[in-house]
Amino acid sequence: MNLLSDFHAQGVPLPHIRRIAADRPLHWLRAGWQDVKANPLPSLAYGLLFALGGDLIILALLQSPHLLSVSISGFFLVAPLLAAGLYELSRRTEAGEKILFIDSLKCFRRNGQSLAFFGLILALIMLMWERFSAVAFALIDATSAPMASAYLNEILFDGQHLAFAATWFLLGGVLALFVYALSVVAVPLMLDRDADVATAMMTSLRAFVRNAGPLLLWAAILVGLTLLGFATLLFGLVLIMPILGHASWHAYRELVE
C-alpha cells in the first residue's frame with residue numbers, strides 16, 4: 001500500500017476504484033456471453049485462434065516436456081494481452097458500433113507503445129519462469145522423459161517427486177497471482193484511456209487490493225474455465241476464451257470509474 005501511496009504522491013493521477021459485491025464475477029460472465037452473441041463471428045474467430053495456436057504449440061513441444069509445462073502455465077500470464085482484440089470488440093459494442101474482426105486488430109495501434117512495453121514485461125517474467133523450471137527439472141532429471149505423457153507420469157503419478165511438483169505448482173501459482181494483480185484491468189485501461197504501463201499496473205494493483213475477495217473468485221473462474229478448455233484439447237477455448245475476454249472488459253468497466 002505504501003508503494004501505491006508513493007506513486008500517487010509523485011503526481012501520477014490514478015483512476016478511482018469502486019468496491020464491488022462478491023457475486024459480480026457471475027454478472028461479468030453473463031455480460032461476456034451477451035457480447036459474444038452481439039459479435040459472434042469476430043469473437044469466435046479469436047477463440048479459434050487461441051485453440052489452434054495452443055494445439056500447434058502443444059504438438060511442437062510434446063518431446064520437450066518442461067517447455068510444454070512452461071507454455072501451459074505461461075498462457076495464464078500472457079492471456080490478458082492476447083485478449084486485447086476482444087476488449088476492443090466489447091468497447092465498440094458498448095458504444096453501439098458493429099465492427100469486423102480485422103477492425104478489432106487496430107486496437108494494437110492505439111497506445112501501441114504501452115501495450116508493447118507491457119508485453120515485454122510479461123515476456124521477461126515468462127523467460128525467468130522458464131529458466132527456473134529448466135533448472136528445477138534438470139535437478140531431478142525429469143527432462144530425460146522422452147514424451148510429455150511419460151514426463152507427467154514420472155512427476156505426478158509415480159509419487160517419486162510429489163514434493164517437487166507441489167513446490168513447483170505453489171511457486172507458479174504465486175507468480176501467476178502476482179501477474180494477475182498487476183494486469184487484471186491493465187490492458188483494458190491502456191486501450192480505453194491511453195494509460196501508460198505504470199499507471200495501468202498500479203491501477204490494477206489497487207483494484208485487486210480493494211476488491212480481493214471478488215477478484216480472487218474471478219481468478220478461480222478464469223483458471224477453472226481455461227483448464228476446462230485445455231481438457232477438451234483446447235477446442236473448448238473457441239467459446240470459453242471469447243466469453244472470458246469480453247467478461248474481463250466488463251470487470252474493468254465496473255472496477256474503474
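The shown structure was predicted, so the numbers you read here are calculated from the model rather than taken from an experiment. Excluded from the calculations below are hydrogen atoms, water molecules and symmetry mates; all remaining heavy atoms, backbone and side chain alike, are included.
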Beyond-backbone contact of [X] with [Y], side-chain heavy atoms, under 4.5 angstrom:
X: Leu244; Y: Trp28; answer: no
X: Ile57; Y: Phe75; answer: no
X: Leu255; Y: Leu215; answer: yes

When you measure from the side chain of [X] to the backbone of [Y], do you find a donor-acceptor pair of N or O atoms at a distance under 3.5 Å?
X: Arg110; Y: Asp194; answer: no
X: Asp103; Y: Leu100; answer: yes
X: Arg19; Y: Arg210; answer: yes
X: His246; Y: Leu86; answer: yes
X: Tyr87; Y: Cys107; answer: no
X: Ser43; Y: Pro40; answer: no
X: Ser104; Y: Leu89; answer: no
X: Asn211; Y: Arg18; answer: yes

At what distance, to the nearest 0.5 angstrom, does [atom1] of [X] lie from [atom2] of [Y]?
X: Phe118; Y: Leu120; atom1: CZ; atom2: CG; result: 11.0 Å
X: Leu115; Y: Asn111; atom1: CG; atom2: CG; result: 5.5 Å
X: Thr93; Y: Lys98; atom1: OG1; atom2: NZ; result: 6.5 Å
X: His27; Y: Ile20; atom1: NE2; atom2: CD1; result: 10.5 Å
X: Leu82; Y: Leu49; atom1: CG; atom2: CG; result: 10.5 Å
X: Phe108; Y: Glu88; atom1: CZ; atom2: CD; result: 9.5 Å

What about [X] and [Y], same hydrophobic cluster or not, with Ile/Leu/Val/Met/Phe/Trp/Tyr joined at side-chain heavy-atom distances under 4.5 Å?
X: Val135; Y: Leu127; result: no
X: Leu29; Y: Leu227; result: no
X: Val223; Y: Ile243; result: no
X: Met201; Y: Leu124; result: yes
X: Phe117; Y: Leu182; result: yes

Around atom CG of Leu59, are there more than 12 heavy atoms of other residues, nucleotides or ligands at under 6.0 Å?
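More than 12 within 6.0 Å, yes.
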
Grab the two heavy atoms, one from [X] and one from [Y], that are nearest each other, plus how far apart they are.
X: Pro15; Y: Thr199; answer: CD-CG2, 4.4 Å
X: Ala200; Y: Met190; answer: CB-CG, 3.7 Å
X: Pro25; Y: Pro214; answer: CG-O, 3.4 Å
X: Val187; Y: Ala84; answer: CG1-CB, 4.1 Å
X: Ser248; Y: Leu222; answer: OG-CD2, 4.4 Å
X: Tyr252; Y: Val185; answer: CA-CG1, 3.8 Å

Does Phe76 form a ring-ring contact (aromatic ring centres under 6.0 Å, His included) with Tyr180? I'd like the steps, not just the answer.
CA-CA 9 Å; Phe76 293 96; Tyr180 170 73; over 10 Å; no

For Pro242, which of Val36, Leu237, Leu48, Asn39 qualifies under side chain to side chain contact (heavy atoms under 4.5 Å, CB included)?
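For Pro242, the side chain to side chain contact (heavy atoms under 4.5 Å, CB included) check succeeds only for Val36.
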
Between Ile240 and Phe50, does a side-chain contact (heavy atoms from CB on, under 4.5 Å) hold up when you go through it step by step?
CA-CA 10 Å; Ile240 289 173; Phe50 276 109; over 6 Å; no

Could you go through the side-chain contact (heavy atoms from CB on, under 4.5 Å) check for Leu26 and Ile221 one step at a time?
CA-CA 9 Å; Leu26 302 179; Ile221 292 172; 4.2 Å; yes

Quick one about Asp196 and Ser114 (side-chain donor to acceptor, distance below 3.5 Å, no hydrogens or angles considered), yes or no?
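No, because no side-chain N or O of Ser114 sits under 3.5 Å from a partner of the opposite role on Asp196.
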
Side-chain donor-acceptor contact under 3.5 Å, His250 with Arg253
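Distance-only check fails for His250 and Arg253.
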
Over 60° means perpendicular and under 30° means parallel, so classify the ring planes of Phe132 and Trp129, tilted if in between.
parallel

Before accepting this row, confirm whether a basic side-chain N of the pair Glu94/Arg91 lies closer than 4.0 Å to the acidic partner's carboxylate O.
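Arg91 and Glu94: not salt-bridged.
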
Tell me if the centroids of the rings in Phe101 and Tyr46 come within less than 6.0 Å of each other.
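Aromatic pair counts; centres sit under 6.0 Å.
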
